[in-house]
Amino acid sequence: MLPDCLSAEGEQRCRRLLAGATARLRARPAAAAVLVPLCSVRGVPALLYTLRSSRLAGRHKGDVSFPGGKCDPADRDVVHTALRETQEELGLAVPEEQVWGVLRPVHDREKATVVPVLAGVGPLDPQSLRPNPEEVDEVFALPLAHLLQEQNQGYTHFCRGGHFQYTLPVFLHGPHRVWGLTAVITEFTLKLLAPGVYQPRLASPELPRG
């Protein structure tokens, strides 16, 4: 049974579990930060995703992602980075008191550290948002119940030069496939929100650092 992730008790449990990592990591230097927006869409708990603009430079254009981006020298910490980028990309202002905490950092292929920041953003209609068209092509939400169904979960095996390197989770059958670092962060989030319900088959999904 899906726990009530949006209840006051559920929020306090998550805040307690994240408190240590948040105190340790929020002021630590990082290359980028993303916001993991936990919202309610017509009363249903969901995570909010973006589809990156196909006009962006780099290999991540057109990918599903969480709102976020590179840390700016003027940012106080990674939480500030995630909130600033979310407002710039989606026009969504999230007060700092709605931040639940910092999840485990992930590392991209260039070994850059990306810090996920979990926040409860409350009731939301994704269609009411006005994303920056230079950065975002689409905004959509995936219900936690959908993400937790085993038939919507898979894994992608990555090879290089004909040799197996690593395996990452992927979430299927939504408007867009969720894969890469966004899927890893989604997996971390589900493990926190629905312990005992979400049973990942990978012990520790992460891109290699070397």
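The first residue in the sequence is number 1, and the count goes up from there. Since the structure is predicted, the reported quantities are computational estimates derived from the model, not experimental observations.
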>> Any non-hydrogen side-chain atom of Glu187 less than 4.5 Å from a side-chain atom of Pro169?
In response: yes

> What residues form a ring-ring contact (aromatic ring centres under 6.0 Å, His included) with His146, not counting sequence neighbours?
Replying inline: none

> Just how far is it from atom CZ of Arg52 to atom CD of Glu135, taken to the nearest 0.5 Å?
Replying inline: 8.0 Å

> Is the side chain of His107 donor-acceptor paired with the backbone N or O of Val114 at a distance under 3.5 Å, no angle test?
Replying inline: no

> Will you find, in the side chains of Tyr198 and Gln153, an N or O donor that is under 3.5 Å from an N or O acceptor?
Replying inline: no

> With sequence neighbours excluded, what pairs up with Glu138 under the side chain to side chain donor-acceptor pair (under 3.5 Å) test?
Replying inline: His176

>> salt bridge (charged side-chain N to carboxylate O under 4.0 Å, His left out) for Asp75 and Arg84? Distances and angles first, verdict last.
In response: CA-CA 8 Å; Asp75 293 338; Arg84 174 183 58 76; 2.8 Å; yes

> Which pairs pass ring pair (Phe, Tyr, Trp, His ring centres under 6.0 Å) with one or both residues in residues 4-26, sequence neighbours excluded?
Replying inline: none

>> Nearest 0.5 angstrom please: Leu38 CG to Leu144 CG, how far?
In response: 6.0 Å

> Is there side-chain contact between Leu168 and Val184, with heavy atoms separated by less than 4.5 Å?
Replying inline: yes

>> How long is the straight-line distance from CG of Leu92 back to CD of Gln87, given to the nearest 0.5 Å?
In response: 8.0 Å

> Can you tell if the side chain of Pro175 reaches within under 4.5 Å of the side chain of Leu142, non-hydrogen atoms only?
Replying inline: yes

> Residues in salt bridge (Lys or Arg N to Asp or Glu O under 4.0 Å) with Glu11, at least two apart?
Replying inline: Arg15

>> Using modelled atom types and a 3.5 Å cut-off, is there a donor and acceptor pairing between side-chain atoms of Gln98 and backbone atoms of Gly120?
In response: yes

>> For Val64, is there any backbone N or O sitting under 3.5 Å from a side-chain donor or acceptor partner on Thr182?
In response: yes

>> Within the structure provided, determine whether Val117 and Leu35 are in side-chain contact (heavy-atom separation under 4.5 Å).
In response: yes

>> Quick test of your reading: applying side-chain hydrogen bond (donor to acceptor under 3.5 Å, both in side chains), list the pairs with at least one residue in residues 64-74, sequence neighbours left out, ordered by first then second residue.
In response: Thr50-Ser65

> Among pairs that include at least one residue of residues 113-133, which meet ring pair (Phe, Tyr, Trp, His ring centres under 6.0 Å), considering only residues two or more places apart or in two chains?
Replying inline: none

>> If we check side chain to side chain contact (heavy atoms under 4.5 Å, CB included) with Leu147, which of these qualifies: Thr189, Leu193, Thr186?
In response: Thr186

> Who pairs with Arg177 by side chain to side chain donor-acceptor pair (under 3.5 Å), at least two apart in sequence or on another chain?
Replying inline: none

> When rounded to the nearest 0.5 angstrom, what is the spacing between CG in Leu190 and CD in Gln199?
Replying inline: 11.5 Å

>> Are the side chains of Val99 and Leu83 in contact, using a 4.5 Å heavy-atom criterion?
In response: yes

> Can you name the residues that form a side chain to side chain contact (heavy atoms under 4.5 Å, CB included) with Ala141, not counting sequence neighbours?
Replying inline: Val41, Ala46, Leu48, Pro126

>> Listing request: all ring pair (Phe, Tyr, Trp, His ring centres under 6.0 Å) pairs with a residue in residues 73-104, at least two apart in sequence or in separate chains.
In response: none

>> Does any part of the side chain of Thr167, heavy atoms only, come nearer than 4.5 Å to the side chain of Thr156, both counted from C-beta?
In response: no

>> Does this structure show an ion pair linking Arg13 with Glu9, if we count only N-O contacts that are shorter than 4.0 Å?
In response: no

> Pairs in or reaching into residues 119-129: which pass side-chain hydrogen bond (donor to acceptor under 3.5 Å, both in side chains), with residues at least two apart or in two chains?
Replying inline: none

> So, do Val170 and Leu172 sit near enough that their side-chain heavy atoms are less than 4.5 Å apart?
Replying inline: yes

>> Under the rule for ring-ring contact (aromatic ring centres under 6.0 Å, His included), what residues qualify as partners of Tyr49, not counting sequence neighbours?
In response: Phe66, Phe140

> Any side-chain heavy-atom pair from Trp179 and Asp63 closer than 4.5 angstrom?
Replying inline: yes

Show every donor-acceptor pair shorter than 3.5 Å between a side-chain atom in residues 16-33 and any protein atom, with sequence neighbours excluded, or say none if there are none.
| residue | atom | partner | partner atom | Å |
| --- | --- | --- | --- | --- |
| Thr22 | OG1 | Leu18 | O | 2.7 |
| Thr22 | OG1 | Val102 | N | 2.8 |
| Arg26 | NE | Asp77 | OD2 | 3.0 |
| Arg26 | NH2 | Asp77 | OD2 | 2.9 |
| Arg26 | NH2 | Glu96 | OE2 | 2.9 |

